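Sequence lines set the chain letters: A, B, ... in the order given, protein chains first and strands last, and positions in each chain run from 1. These figures come from a predicted structure and were not determined experimentally.
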Protein chains: 2
Amino acid sequence: MVGIFNKKDCNNCDECNIKSPIFSILNSKDSEFLNFDRYSVSYKPGELIYKQGSSYTHLINLTSGLVKLYLEGNQKELITRICKPFEIIGGSGVYIDNKHHNSAAAITEVNACFVDVKRFKEIIRKNALFAEEYIKIISERRLYSFERLGSVMQKQMPGIVAEAIIYLSEKIFDSARFDIQLSRQELANYCGITKEGLIRTMKEFKDEKLITLEGNILEILDGKTLHKISALG
Amino acid sequence: MVGIFNKKDCNNCDECNIKSPIFSILNSKDSEFLNFDRYSVSYKPGELIYKQGSSYTHLINLTSGLVKLYLEGNQKELITRICKPFEIIGGSGVYIDNKHHNSAAAITEVNACFVDVKRFKEIIRKNALFAEEYIKIISERRLYSFERLGSVMQKQMPGIVAEAIIYLSEKIFDSARFDIQLSRQELANYCGITKEGLIRTMKEFKDEKLITLEGNILEILDGKTLHKISALG
DNA sequence: GTCAAAATATGATTTAGATCAATAAAATTA
DNA sequence: TAATTTTATTGATCTAAATCATATTTTGAC
């Protein structure tokens, strides 16, 4: 339903692997083993990739587009992370219960590559450098969760929203001017506030000439002040 | 200042290693290598074990007592986890920057064992099972951070406090009746609310006969309702 | 054992942000 | 293109929880 094999974007795993921090360290033999039955799926904006609570057999390597990871609970959703190409997603429970502990949905058009968990685990056992790289990845994510827990709990709206804008600019789009692919509701869900609160706070930033916002195009005018607001909370 | 070598509690690493999920899988050779210059330190209640932002050379194996891990920021502190014996602490940045990303302090009398990071990393490279076990540990913690992010952001005071009481009862003290070693302020810091809010919410629970609370001794009378409050938020 | 300091408890007030309500603007569909 | 639905925006109101103020109890020092 949601996925088709997409030959155009994926005729050769090597092309992707080079760009992936973790897969790029594999030698050709391990790489071949891992990619033996790897397959590609494409998603349209908004489509669900996997659902919190469901079990899985594959890790997902995002090869193009943006994905949101989110926690569902009590009719609210909290976006925990925005993923961009060559991140591995869907493996948070891989050594615990093989269950997804969050949900994932496509923000833009997405192509993703499915890697068998058993093969992945086998390589982890055989290849210490690969294991180490994987440890690095999950450590980084843990620190990121940490930071977010700290921000979202201790800051108030202006601080959280400033942080989110900086995050999009610096970590996702790598530009002071960008199309915020997310809807207002989604951005609010990332901040852990309501859409009205988000809109009002962004309006303030606009009035104070910290940003411009026309439709979905956001530009940071005064990054310094924005950083200050984010840091002070 | 804070630490002395405590011979009474620690004359033989094997005794501790047996009880530790990760160190127990080491063979005697690796174990000997890892423990070569391992040393023990004891702390009094309230004493700082390490400080957020500082760098480190050792992982800490908690051998007795309770430790709080907390994030410091904007004159508030947020307790992210309570640790009990045979957990490894202080290694969240071990594969990133060798910096502590949180602070740790003793809640009770604490004995802790310091393991050299270099040796630890060497074993990770040599011993795939050890690496795998370490991956399990950090994965579990990541999922725990996840859960907490979800709760603390989406629930309101009664839900959060109920969850905290259940956590202490089921995960830390393993009993329906226990001495909550933490001060009210600390418990509030764990919940991400003010001490007044915590006290009022606990009073409500008391009035509704869900718990008894005399001084620091808390007893859960109606765990079922408490679970319901926690789940509904 | 007395006194000082700290921790706990409770009431009164304030406030940030949620909720509710109503347009306005986009995006989809027919 | 018009009609319909969805998304964005703005204003008015409400509320949970923070803050402030003040007792009360507990703890620790002398």
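For A:L187 and D:dA8, the CG to C1' distance is 13 Å, given to the nearest whole Å. A:M153 places its CE atom 18 Å from the P atom of C:dA16, with the value rounded to the nearest Å. Here D:dT6 presents its P atom at 16 Å from CD of A:E186, a figure rounded to the nearest Å. For the pair B:Q181 CD and C:dA7 P, the computed distance is 16 Å after rounding to whole Å. The CZ atom of B:R184 sits 9 Å away from the C1' atom of C:dA9 (whole-angstrom rounding). Here the P atom of nucleotide C:dA16 and the CD atom of A:Q154 are 18 Å apart, to the nearest Å. A straight line from CG of A:N189 to P of D:dT7 spans 12 Å, rounded to a whole angstrom.
Salt bridge status for A:K51 with A:E72: present, with a side-chain N to carboxylate O gap under 4.0 Å.
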Using a 4.0 Å heavy-atom cut-off, write out nucleotides 14-28 of chain D from 5' to 3' as B (base contacted by protein), S (sugar-phosphate only) or - (no contact).
--SSSBB--------
Between A:I220 and A:R177, does the side-chain contact (heavy atoms from CB on, under 4.5 Å) criterion hold? Intermediate values first, please.
CA-CA 6 Å; A:I220 296 178; A:R177 183 183 168 84; over 6 Å; no
Begin from the C-alpha positions of B:Y167 and B:Y190 and carry the test side-chain contact (heavy atoms from CB on, under 4.5 Å) through to its verdict.
CA-CA 11 Å; B:Y167 170 73; B:Y190 178 80; 3.2 Å; yes
Step by step, work out the side-chain contact (heavy atoms from CB on, under 4.5 Å) result for A:I82 and A:I79.
CA-CA 8 Å; A:I82 313 282; A:I79 295 181; 4.0 Å; yes
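The distance from atom CG of A:L168 to atom OG of A:S175, rounded to the nearest 0.5 Å, is 11.5 Å.
At distances below 3.5 Å, at least one donor-acceptor pair connects side-chain atoms of B:S103 with backbone N or O atoms of B:Q52.
Note that B:R38 lies in the cation-pi zone of B:F23, set by a 6.0 Å cut-off to the ring centre and a 45° limit from the axis.
Taking a 4.0 Å limit (strictly below) on heavy-atom distances, residues 204-216 of chain B does not reach DNA chain D anywhere.
Side chains of B:H227 and B:E163: a donor-acceptor N/O pair is absent below 3.5 angstrom, by distance only.
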